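So the structure is just underneath, and the comments pick up after that.
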Amino acid sequence: MSWQKYHQESETLAAKAHTLRREGRTEDAKKQFSLAGAQEAKALDYLDSSKPRTYGITAVSATALFYKAGETSVAQSLAMQSLEQPFLPNFARNELRSMLQSIWNEDVQKESASRFSEGQITVSVSGEKILTGGAPLELILEKVQAVQSMYFRTVEFLQNLPLRKKGPPSKQLLSRYRPWLFQTVPGSYQFVVAIEQPQQGELFETGEIDPSVVSRTFMSVVSAISHDSEAELAAILPDKDYRSAFLKLGRNLAPNGKSAERITIQSYQSAEPVALTASNRQQISTNLRESANSKSFASKPPFEIKGVLRAVNLEKDWLEVIEDQPIRTIKITGLEEIFDDLIGPMVNKRVKLSVEHNGSKLRLIDIEQSDE
Amino acid sequence: MRLKFQNLHTRHIGLTEPISLSLAEAAFVLLDANHSNSPVLFDLYDHKKVVETKTDVIIQTEVSWPEVTPRQKSAWNNANDRVEDGASALALAAVEMQRNVVAVSRAETKSGSDYYLSVGGSEVVDLETATRLEVSGTEKGNRSVVNQRLAQKIKQTESGQSNLPAIACVVGFQVKIIKMADSM
């Protein structure tokens with residue numbers, strides 16, 4: 001036998017495993033992945049420093065197969081043995097480290113008293129000002145908050161609840177779908193969001209949604225936003241209020257092109273990552289303002305105000321902005337389409353508003369955070 | 001010129017018949033879902049040819065598929081699986097057409113599988129000179145999504161995360177475009 005024969009045998013078994021997984025036969029798939037991993041590990045034995053690239057590709061493949069089989073201790077051992085080889089190419093080193101970090105995260109989660117559902121998502125923030133493993137705190141807090149908001153809204157949407165305009169999510173939702181943050185391998189700046197399962201013994205009540213379904217829907221929504229596709233978003237979110245809410249939250253999540261250039265989101269369930277860029281942010285703003293302008297009856301055109309958001313009272317329908325030039329406090333009304341988790345993070349931050357005259361008052365068309 | 005993405009196993013030694021038929025079936029389902037009639041014309045754009053010829057070369061290639069059954073649609077219900085596999089079918093056929101290379105091997109990664117390419121015909125004893133094919137697909141995404149994905153794939157490999165020569169190929173099913181570029 002040779003590398004070639006064992007590797008080909010591994011490929012055949014892996015193909016069967018993928019087919020079984022697609023058919024929903026998860027346990028059978030894992031068995032096939034395990035058999036494929038064993039063959040790939042044997043293939044690795046036929047390689048040495050004279051074939052570094054082949055060694056790297058095969059090492060990653062064997063580790064990945066055992067990882068997919070759920071045999072994480074075997075995968076870990078194989079990865080660490082391979083990493084010891086001085087001739088291992090960088091591409092393989094990076095991929096093996098990434099798998100080890102995933103394995104360690106999963107081990108920590110298994111050992112903890114809490115249990116975590118399928119459907120973890122990884123969020124990466126990248127750009128010139130982002131370091132490997134480091135990023136401005138304010139930026140990360142903003143993105144973590146946006147992800148959390150969108151996640152809870154996805155649950156509410158799937159539960160067919162009317163769009164929540166005021167207040168936080170219900171206590172029941174907060175206790176059933178608690179998101180946790182885990183670290184991941186530094187590539188840009190990355191974090192993993194995992195959802196804690198209900199405590200053992202508690203079953204999902206009627207109307208509660210499986211967290212893996214929430215993650216899939218969340219990814220579909222973000223994907224549609226990244227495609228700038230109104231039609232795709234409408235297919236997922238037929239309710240126009242939810243659509244508008246997700247677009248606004250998606251805009252908060254998308255980078256502004258200055259502090260970060262790209263936000264990439266990936267879930268374990270979806271091989272393809274979804275990327276949000278500054279152009280998505282601009283397109284969302286354009287679409288929201290065009291939609292708002294089309295409903296306006298004001299005689300004068302809308303105009304822009306830039307400043308710092310100082311106060312918000314959604315109950316009494318007003319917000320106050322300290323404008324830049326001239327420096328003055330402006331009160332704006334018409335906050336029907338604004339909600340807590342959208343505007344809360346903007347308080348005491350620089351904002352850009354589109355407003356129109358409504359008699360003697362100013363009515364809000366749109367508001368977004370601004371670095372200008 | 002027709003894009004030969006069916007029966008890839010007859011030319012790509014790295015694909016068995018079951019894999020080849022499966023990839024093609026995923027592509028059929030996607031094409032059927034996004035276009036009312038077969039065939040359609042896809043724009044095939046190869047950045048390497050653009051650089052070599054100093055012209056904006058776009059080749060139009062005919063993509064055809066048979067009638068898709070309800071059973072096939074149901075089997076490929078998972079959007080991520082069908083896009084990943086369907087895009088692989090078209091990408092493999094596209095690189096074969098443009099670069100005269102075929103898949104000689106497939107290997108697993110954490111998030112999926114990668115194909116390794118070499119000049120067709122010869123049996124593979126190792127992957128030292130093989131080129132990795134990095135495939136990305138989008139069902140509903142527009143041209144800017146395709147461009148964005150291609151740029152992302154290239155940036156990923158150039159940033160030092162990979163020192164393996166690769167061809168990145170992005171397939172947009174609804175927008176009917178296949179774009180490829182070399183990274184490294």
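Nothing here was measured: the structure is a model prediction, and the numbers come from that model. Just so it is clear: chains get the letters A, B, ... in the order the sequence lines come, proteins before strands, and each one is counted from 1.
Contact annotation for A/T264: only side-chain heavy atoms (C-beta onward) come within less than 4.5 Å of a heavy atom of chain B. For B/S105, the parts lying near chain A are the backbone and the side chain together; criterion is any non-hydrogen pair under 4.5 Å. Contacts of B/T109 with chain A are made by both backbone and side-chain atoms, with heavy-atom separations under 4.5 Å. Heavy atoms of A/T277 lying under 4.5 Å from chain B belong exclusively to its side chain.
Contact tally against chain B (heavy-atom pairs below 4.5 Å) for A/H18, A/R93, A/E40, A/E11: the top residue is A/E11. Between chain B and the residues A/P52, A/S10, A/S279, A/G37, the most heavy-atom pairs under 4.5 angstrom are made by A/P52. Most heavy-atom pairs under 4.5 Å with chain A, from the set B/L127, B/T138, B/D85: that is B/L127. The choice from B/D114, B/V145, B/D126, B/T129 that makes the most heavy-atom pairs within less than 4.5 Å of chain A is B/D126. For chain B, the option among A/A36, A/S61, A/A64 with the highest count of heavy-atom pairs below 4.5 Å is A/S61.
Side chain of B/E128 to main chain of A/R53: a donor-acceptor pair is present (N/O by atom type, distance under 3.5 Å, no hydrogens or angles). At distances below 3.5 Å, not a single donor-acceptor pair connects side-chain atoms of A/S34 with backbone N or O atoms of A/K30.
B/Y115 pairs in a side chain to side chain donor-acceptor pair (under 3.5 Å) with only one of the listed residues (B/E134, B/R106, B/R132), which is B/R106. Applying the side chain to side chain donor-acceptor pair (under 3.5 Å) test between A/W3 and each of A/D45, A/T54, A/T58 identifies A/T58 as the sole match.
In this structure, A/Y55 and A/F87 have perpendicular ring planes: the angle between them is above 60°, well past the 30° mark.
A cation-pi contact, defined as under 6.0 Å to the ring centre and within 45° of the axis, is absent between B/K176 and B/F42.
Around CD of B/E67, the count of heavy atoms belonging to other residues, nucleotides or ligands within 6.0 Å does not exceed 12.
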